[in-house]
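Hydrogens, waters and symmetry mates play no part in the numbers below; they use all other heavy atoms, side chains included.
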Amino acid sequence: MAVFWKPMAAGLLLTVSLTLLGWGVEVQGGTQAKKVVSGESTVYLGQDRDIWRPIIHTASNLSDISSIKSTFQLRTFDPEGAIFYGDTKNGDDWFVLGLKDGLPLMQFSIGGNHVSAEGGPQLNDGKWHKLEVSNQNNFVILNVDGSKGLVVGMGGPSKQTEEVQTGELRLALGGILIDKEKMMIQFDPKMDGCVREGSWLNLRAPWEVEVEELWPCYQDIIPGSFFPGTGFAVFNTSVFPVEDGKGVKIEFRGNFTLMHGTILSIRAPGQEMMLTLMADNNTQEVTLTFGSEKISMKSDDLKKLVIIFEEEMLQVLEVRAKFQGLQIKSVRNSGFLTTWRNGRIAFGGLLGEGEDNVGSQFLTGCLEMIQVMGRDLDLDLTVKHPSIVSHSCPA
């Protein structure tokens, strides 16, 4: 039976030294062991879980804190997501650092006063950036790579300072510990990014892990969407409207020789498959099937593939290292545009017959670019298997 995804192979979870590797030890908390890591650990923020739930978190008494500065490194191609959260008084006063449109976004609430600010350098360039968050007088300061990135005033001194100094401080990465409705600026919290080498105030307490096992961060990455062969992303084609007299244009870029499985499939519920685009790394071919028409292309030096559908014509443009090739097929009475207006389009898998998210022949590989109607496609905006990484691929 075809399935939406296939379970990843279960691996043996090794409990290793926290001090040597910073990955994990288990401590007993009640009747169930809880995994903890060092605050210096490398943490992938896009791991599958409830999207607002932190990956790791810790807590400490404010009386133990002697530093007002936290530093860490961040790397991402993702323009949006939650990075670092902190609060006191069980969430009455809180702070969130994230990205929106690739820029740092700070939001906080102190004594009932809400403040938000966005600005500083673009951080979603795939490079490691050192971030420093500090509190100086009545300002929260974000430094990026040694330069001031964002400075936000908090207003006058809090009347509850003495109370706060004796309370508990909670910190979290990749999510928040309060109701998301408290955010002044709403954003998608799940970030395809990594944090490492964290120094959180002067705290040395371990961080509790909220997932079964931390996913690794790749040493080197390139921009793109990575499909590990376990699921696909599905859009309703109606979200890509077609103007009268114009066709549909879909573009892919990547190393097609390293891909295997279904790159693209289009189908309307209750109808036969309209189109598939398949890669085979055994034969080193990419095959487009459209009704009874089939176009096969060698993938050895294929860099980019452009597919253009019009009412009675199909165009396939192959962009290769040394030349471009264009194939044109006549497709009279294909009904493609009708299917497009009422169908579904899947990236990374073969659509099933029904309207549920059931598929097969999933793609393994990296699509460095996906464009529909000339616009980059963000897979975070649709239903997708949690194993798919939307904004980066291992290099």
Side-chain angles (χ1 to χ4, degrees), residues 2 222 224-235 237 240 242 247-268 271-340 343-353 359-374 377 379 388 393:
I222 59 174
S225 297
F226 180 64
F227 297 80
T230 51
F232 58 0
V234 181
F235 289 82
T237 50
F240 309 108
V242 180
V248 175
K249 183 179 180 182
I250 304 174
E251 302 178 59
F252 299 100
R253 186 178 67 238
N255 188 341
F256 292 89
T257 62
L258 300 179
M259 299 181 199
H260 188 78
T262 307
I263 299 172
L264 172 71
S265 62
I266 301 174
R267 185 176 199 163
Q271 297 184 16
E272 295 296 319
M273 189 74 68
M274 173 64 74
L275 176 142
T276 62
L277 181 66
M278 313 281 289
D280 190 325
N281 63 3
N282 296 313
T283 62
Q284 294 290 283
E285 286 186 332
V286 176
T287 302
L288 174 70
T289 303
F290 182 73
S292 60
E293 299 287 346
K294 184 172 289 190
I295 300 175
S296 294
M297 300 157 277
K298 281 296 182 181
S299 61
D300 52 358
D301 63 345
L302 184 62
K303 303 299 181 183
K304 183 178 178 181
L305 192 60
V306 183
I307 305 169
I308 302 173
F309 307 94
E310 296 178 348
E311 192 63 52
E312 297 184 352
M313 184 169 59
L314 168 65
Q315 300 181 56
V316 179
L317 174 64
E318 307 167 44
V319 179
R320 299 182 178 274
K322 295 183 179 180
F323 71 94
Q324 296 186 9
L326 176 64
Q327 299 193 47
I328 300 176
K329 297 284 186 179
S330 174
V331 287
R332 296 182 183 278
N333 303 315
S334 69
F336 174 79
L337 293 183
T338 300
T339 298
W340 181 264
R344 295 189 303 153
I345 181 170
F347 299 92
L350 197 63
L351 283 163
E353 296 182 1
S360 60
Q361 300 185 46
F362 300 120
L363 176 66
T364 301
C366 173
L367 291 172
E368 297 175 24
M369 181 195 72
I370 307 173
Q371 285 192 348
V372 179
M373 311 299 202
L377 194 64
L379 299 183
I388 296 173
C393 300

Under a 3.5 Å distance rule, please check whether S265 uses its side chain to pair with a backbone N or O of G349 as donor and acceptor. yes
Using a 4.5 Å cut-off on heavy atoms from C-beta on, say whether the side chain of Q371 contacts that of R253. no
Using the side chain to side chain contact (heavy atoms under 4.5 Å, CB included) rule, take L367 and I263 through it: C-alpha gap first, then chi angles, then the decisive distance, then the call. CA-CA 9 Å; L367 291 172; I263 299 172; 4.1 Å; yes
Look up atom CD1 in I388 and atom CZ in F226, then write down how far apart they are to the nearest 0.5 Å. 10.5 Å
Check against ring pair (Phe, Tyr, Trp, His ring centres under 6.0 Å), F309 and F290: CA-CA 10 Å; F309 307 94; F290 182 73; 5.7 Å; yes
Does the T257 side chain pair with the main chain of D300, one donor and one acceptor, at a distance under 3.5 Å? no
Quick one: CZ on F256 to OG on S299, what's the gap to the nearest 0.5 Å? 9.0 Å
Interatomic distance, CZ@F362 vs CZ@F347, rounded to 0.5 Å, equals 15.5 Å
Thinking salt bridges, do E251 and K249 make one under a 4.0 Å N-O criterion? yes
Side-chain contact, heavy-atom cut-off 4.5 Å: F235 with L379? yes
Give the minimum heavy-atom separation between R320 and K298, together with the two atoms involved. NH2-O, 2.6 Å
Where do C366 and I222 land on the side chain to side chain contact (heavy atoms under 4.5 Å, CB included) test, with the steps shown first? CA-CA 9 Å; C366 173; I222 59 174; 4.3 Å; yes
Under 4.5 Å between any side-chain heavy atoms of L363 and M259, yes or no? yes
Any idea how W340 and F240 line up, ring-wise: parallel (<30°), tilted (30 to 60°), or perpendicular (>60°)? tilted
F232 versus A346, closest heavy-atom pair with distance: CD2-CB, 3.7 Å
Show, in sequence, the C-alpha distance, side-chain angles and deciding distance for D280 and V286, and conclude whether the side chain to side chain contact (heavy atoms under 4.5 Å, CB included) test is met. CA-CA 6 Å; D280 190 325; V286 176; over 6 Å; no
Ignoring hydrogens and angles, tell me if any N or O in the side chain of H260 forms a donor-acceptor pair with the backbone of N281 under 3.5 Å. yes
If you define the side chain from C-beta out and look only at heavy atoms, does anything of I345 sit under 4.5 Å from I250? yes
In Å and rounded to the nearest 0.5 Å, what is the CG to CE distance from L351 to M274? 12.5 Å
Considering all heavy atoms, the nearest K304-M369 contact: CE-CE, 4.0 Å
Could you tell me which non-hydrogen atom of G224 sits nearest to which non-hydrogen atom of C393, and how far apart they are? C-SG, 3.7 Å
Option passing side chain to side chain contact (heavy atoms under 4.5 Å, CB included) with L277 (candidates T287, T262, L305): L305
Side chain to side chain contact (heavy atoms under 4.5 Å, CB included) for L288 and L264? Distances and angles first, verdict last. CA-CA 9 Å; L288 174 70; L264 172 71; 5.8 Å; no
CD of Q361 to CE of M278, rounded to nearest 0.5 Å, is 4.0 Å
